[in-house]
Asker: 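Once you've had a glance at the structure underneath, I'll fire off some questions.
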Amino acid sequence: MTDTEIMRTRTVHPRPGLALTLAEHGPADGRPVLVLHGGGGPATVQGIAAHLADRHGLCAVVPTHPGWNGTVRPDWLSAVGDLAGVYLDWLAGEGHQDVLVVGSSVGGWIAAEMALRDDAGVIGSLVLVNAVGVAVPGEPVREIFGLRPDRIAAYSFHDPARFPADPAALTEERIAAQQANTAVLRLLAGDPYMHDPKLLEQLGRVEIPALVLWGESDRIVTPAYGRAYAGAFARGRFEPIAEAGHLPHIERPEATFAALDAHILGSAG
């Protein structure tokens, strides 16, 4: 087993009838880090979790959002706010404190909602990576439902040629899985599309440090959107990642992880 492999998986039940699948990296007794994926599923953020475990000795946990990758989603879990509540319940139920929450895309929206609702003070700091979730005048989130994978890739990456998405190369099983994940995403975040109309104005109540990392070439959510997001937090900071798009941790991992490392060390200090 290499350092970057998943060390263990487990299932928890934060609420009756709800099972959460968790992939954990790093020492079980390390400072907890919750790493939240976007619409592409947990595989898109495993690299972040592996880095945090390897570089900082943290216990980095990647849950699979209920409904993704064939997991069960209860009928009552029908909004991003519901997911935020579930993750807060799980963290509090296990007695975690000073939790770093990192969220990519929709995962960043979940993280922001968690910080806003964190009355128990479980979360110590926040990192949003090209997050959606707010309404910024003049900077709408690009509509992706109905787009072919290659068109989504063209809007998502600084250099789409490095990450080819050929629909013809996908198996029927893979296509079905992607369609199922997209259906859950549409249910949770499709109306209103990819945002909570009230969230931006409420984020000033979040007083923990919040780093907003942004791939400068993102054409799903623009850097101007990210700057407005960062500016809404009481202690928000915006940091662009050059030559990267919607998933800078995949396209420019070294630069992204350097910014993430500096945030962790600064928060600790």
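The figures here come from the full heavy-atom set of this structure, side chains too, leaving out hydrogens, waters and symmetry mates.
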Asker: Quick one: do Lys198 and Asp196 make a salt bridge, cutoff under 4.0 Å?
Answerer: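 No, this pair does not count.
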Asker: Mind jotting down which residue pairs meet the ring pair (Phe, Tyr, Trp, His ring centres under 6.0 Å) criterion with at least one end in residues 99-142? Sequence neighbours excluded, please.
Answerer: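 The answer is none; no pair qualifies.
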Asker: Do His96 and Trp90 have ring centroids that are under 6.0 Å from one another?
Answerer: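 Aromatic pair counts; centres sit under 6.0 Å.
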Asker: Nearest heavy-atom pair of Ala189 and Val80: which atoms, and what distance?
Answerer: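 Scanning both residues completely, I find the closest heavy atoms to be CB-CG2, 4.5 Å.
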Asker: Which residues, ordered by chain and number, are linked to Val72 in its hydrophobic cluster, where ILVMFWY side chains connect at heavy-atom gaps below 4.5 Å, directly or through other members?
Answerer: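 In the cluster with Val72 there is nothing else; it is isolated.
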Asker: Residues sharing Phe157's hydrophobic cluster, by side-chain heavy-atom contacts under 4.5 Å among ILVMFWY, directly or via others?
Answerer: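 For the cluster that includes Phe157, the remaining residues are Phe163, Leu247, Ile250.
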Asker: Once you measure the plane-to-plane angle for His65 and Tyr87, does it fall in the parallel (<30°), tilted (30-60°) or perpendicular (>60°) bin?
Answerer: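 The arrangement is tilted - the two ring planes meet at 30° to 60°.
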Asker: Got a sec, which residues hit ring-ring contact (aromatic ring centres under 6.0 Å, His included) with Phe233, two or more places apart in sequence or on another chain?
Answerer: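 Counting only residues at least two positions away or on another chain, Phe233 forms no ring-ring contact (aromatic ring centres under 6.0 Å, His included).
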Asker: Not counting sequence neighbours, which residues clear salt bridge (Lys or Arg N to Asp or Glu O under 4.0 Å) with Arg235? List them please.
Answerer: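 Arg235: no salt bridge (Lys or Arg N to Asp or Glu O under 4.0 Å) contacts found.
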Asker: So which heavy atom on Pro248 is nearest to which on Thr256, and how close?
Answerer: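 Result for this residue pair: O-OG1, 3.0 Å.
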Asker: Using atom types as modelled and distance alone, determine if a side-chain donor or acceptor of Asp218 lies under 3.5 Å from a backbone N or O of Ala244.
Answerer: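 Between the backbone of Ala244 and the side chain of Asp218 there is no qualifying donor-acceptor contact (under 3.5 Å).
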Asker: In Å and rounded to the nearest 0.5 Å, what is the NE2 to CG distance from His56 to Leu265?
Answerer: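 Nearest 0.5 Å value for the NE2-CG distance: 5.5 Å.
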Asker: Taking Glu251 for its side chain and Asp159 for its backbone only, find out whether a donor-acceptor pair lies under 3.5 Å.
Answerer: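 Indeed, once roles are kept as given, a pair shorter than 3.5 Å links the two residues.
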Asker: For a quick test of reading the model, state the closest non-hydrogen atom pair linking Trp76 to Leu18 and the distance between them.
Answerer: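 Smallest heavy-atom distance, with atoms named: CH2-CD2, 4.0 Å.
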Asker: Could you check whether any side-chain N or O of Arg237 sits under 3.5 Å from a backbone N or O of Ala210, counting only pairs where one atom can act as donor and the other as acceptor?
Answerer: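 Pair absent, no side-chain N/O of Arg237 close to backbone of Ala210.
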Asker: Any side-chain donor paired with an acceptor under 3.5 Å for Ser104 and His37?
Answerer: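 Per modelled atom types, Ser104 and His37 side chains form no pair under 3.5 Å.
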Asker: So which pairs with a foot in residues 119-142 pass ring pair (Phe, Tyr, Trp, His ring centres under 6.0 Å), sequence neighbours left out?
Answerer: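 Every pair satisfying ring pair (Phe, Tyr, Trp, His ring centres under 6.0 Å) with a residue in residues 119-142: there are none.
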Asker: Got more than 12 heavy atoms from elsewhere within 6.0 Å of CD, Gln97?
Answerer: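 Enclosed.
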Asker: Report yes or no: do Asp54 and His25 form a side-chain donor-acceptor pair below 3.5 Å?
Answerer: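 No.
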Asker: In Å, rounded to the nearest 0.5 Å, how long is the span from CG of Leu88 to CZ of Arg117?
Answerer: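 Answer rounded to 0.5 Å: 8.0 Å.
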Asker: If two hydrophobic side chains count as joined below 4.5 Å and joins carry through other members, does Val102 share a cluster with Ile123?
Answerer: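 No, separate clusters.
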Asker: Is the ring centre of Tyr229 less than 6.0 Å from the ring centre of Phe238?
Answerer: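 No: the rings miss the under 6.0 Å criterion.
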Asker: Any side-chain donor paired with an acceptor under 3.5 Å for His158 and Ser217?
Answerer: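 Short answer, yes.
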Asker: Would you say CD of Glu201 has more than 12 non-hydrogen atoms from neighbouring residues, nucleotides or ligands within 6.0 angstrom?
Answerer: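 Not more than 12 within 6.0 Å, no.
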Asker: Using a strict 4.0 Å threshold on nitrogen-to-oxygen distance, state whether Arg227 and Glu216 make a salt bridge.
Answerer: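 Salt bridge flag = no for Glu216 with Arg227.
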Asker: Less than 4.5 Å apart, any side-chain heavy atom of Trp214 and any of Leu128?
Answerer: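 Sidechains of Leu128 and Trp214: no contact.
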Asker: Could you tell me whether the side chain of Arg8 and the main chain of Gly26 form a donor-acceptor pair under 3.5 Å?
Answerer: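 Checking the backbone N and O of Gly26 against the side chain of Arg8, a donor-acceptor pair under 3.5 Å is found.
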Asker: Within 45° of the axis and under 6.0 Å from the centre of the six-membered ring of Tyr155, does NZ or CZ of Arg151 qualify?
Answerer: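 Yes.
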